[in-house]
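Everything below concerns the one structure shown next.
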Amino acid sequence: MSKAPLSTMRARKAAGLAVAMALAILPQATFAAPATGSDTVQGLYDTLINTMKNGRALGQSGRFVQLEPVVRRTFDIASMARLSVGPSWTTMSESQRQQVIDGFGRYISAIYADRFDSYSGQKLQVTDEQTAAAGVIVHSQIVKANGEPVKVDYLMRKNGDAWLISDVYLDGAISEVATRRSEFAAILRNEGIDGLIAALNRKADALTSTSARAF
């Protein structure tokens with residue numbers, strides 16, 4: 001049997017070395033420490049900054065398309081929707097619950113696409129993290145283009161190996177979930193569950209078709 005050409009032997013050795021290196025680092029990647037709550041928020045902020053810098057080119061609908069998948073994997077949408085609906089959640093069918101969750105995810109994504117529309121030197125900064133009874137609180141601030149800082153805190157809960165946002169507190173006091181619960185209560189009272197589902201999608205559609213306001 002003829003010997004393999006020298007170039008082929010070298011290629012095989014290189015391939016074998018690459019496989020060995022991959023196997024050597026695999027256990028480290030598999031058993032890497034879970035992301036922290038701060039990592040989750042920082043990932044959201046990185047996406048927001050990138051979207052803002054391309055905001056005018058993307059347009060309102062383009063920002064929504066870019067942000068929606070990030071919002072859905074960063075926020076505990078199902079938990080936030082349930083808490084925002086309140087007691088009426090127990091009377092819903094499984095189909096209605098899923099429609100509310102989907103509509104809520106669209107609505108929150110549309111709000112972020114509306115608020116973070118362009119970049120003029122704003123800064124989105126995670127400052128620290130502390131343990132809380134329900135998980136951890138990630139403290140951050142958004143520095144507006146005029147230099148005015150806005151305090152934004154995130155309540156994070158563990159879901160598997162990931163930390164998800166379960167509530168947002170503006171200026172350390174105004175709860176996103178409490179705000180939505182008040183908003184939804186009137187709709188549920190006047191229009192019922194199906195009315196809420198329609199309203200969530202209507203609000204999302206309205207935000208994605210209007211001019212955005214800079215944060």
Taking all heavy atoms of [X] and all of [Y], pick out the closest pair and write down the distance.
X: Ser109; Y: Gly105; value: OG-O, 2.8 Å
X: Asp194; Y: Gln96; value: OD1-NE2, 3.3 Å
X: Gly37; Y: Val138; value: C-CG2, 3.5 Å
X: Ala145; Y: Ser120; value: CB-O, 3.6 Å
X: Ile101; Y: Ala78; value: CD1-CB, 3.9 Å
X: Gln122; Y: Ile49; value: O-CD1, 4.0 Å

Is there a side-chain contact between [X] and [Y], using heavy atoms and a 4.5 Å cut-off?
X: Glu176; Y: Ile165; answer: no
X: Met156; Y: Thr36; answer: no
X: Leu164; Y: Arg157; answer: no
X: Leu124; Y: Gln141; answer: no
X: Arg106; Y: Leu200; answer: no
X: Gln98; Y: Ser95; answer: no
X: Ile142; Y: Arg115; answer: no

Would you say [X]'s side chain and [Y]'s backbone share a donor-acceptor pair under 3.5 angstrom?
X: Asp171; Y: Ala173; answer: no
X: Ser182; Y: Ala178; answer: no
X: Ser140; Y: Val152; answer: yes
X: Ser166; Y: Asp76; answer: no

Side-chain heavy atoms under 4.5 angstrom apart, residues restricted to Ile, Leu, Val, Met, Phe, Trp, Tyr: same cluster for [X] and [Y]?
X: Val143; Y: Phe116; answer: no
X: Val136; Y: Leu83; answer: yes
X: Leu44; Y: Tyr169; answer: no

Asp117 and Arg56: side chain to side chain contact (heavy atoms under 4.5 Å, CB included), yes or no, with the steps? CA-CA 7 Å; Asp117 70 320; Arg56 299 305 184 194; 3.2 Å; yes
Can you confirm whether the side chains of Ser175 and Asp167 place a donor and an acceptor under 3.5 Å from each other?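 Ser175 vs Asp167: donor-acceptor pair found between side chains.
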Could you grab the distance from atom [atom1] of [X] to atom [atom2] of [Y], nearest 0.5 Å is fine?
X: Ile137; Y: Ser38; atom1: CD1; atom2: OG; answer: 11.0 Å
X: Leu155; Y: Trp163; atom1: CG; atom2: CH2; answer: 9.5 Å
X: Asn190; Y: Leu196; atom1: CG; atom2: CG; answer: 11.5 Å
X: Tyr45; Y: Met52; atom1: OH; atom2: CE; answer: 11.0 Å
X: Met80; Y: Arg180; atom1: CE; atom2: CZ; answer: 8.5 Å
X: Leu207; Y: Arg202; atom1: CG; atom2: CZ; answer: 12.0 Å

Could you go through Asp153 and Val168, starting from their C-alpha distance and side-chain angles, then the distance that decides it, and tell me whether this counts as side chain to side chain contact (heavy atoms under 4.5 Å, CB included)? CA-CA 6 Å; Asp153 296 335; Val168 185; over 6 Å; no
Mind checking whether Tyr107 and Phe184 have parallel, tilted or perpendicular rings, split at 30° and 60°?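 Rings of Tyr107 and Phe184: tilted, as their planes differ by 30° to 60°.
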What about Phe104 and Phe75, are their ring centers closer than 6.0 Å?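 No: the rings miss the under 6.0 Å criterion.
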Name every donor-acceptor pair, under 3.5 Å, that has one atom in a side chain of residues 64-72 and the other anywhere in the protein, sequence neighbours excluded.
unit_1	atom_1	unit_2	atom_2	d
Gln66	NE2	Thr51	OG1	3.0
Glu68	OE2	Arg72	NE	3.2
Glu68	OE2	Arg72	NH2	3.1
Arg72	NH2	Asp102	O	3.0

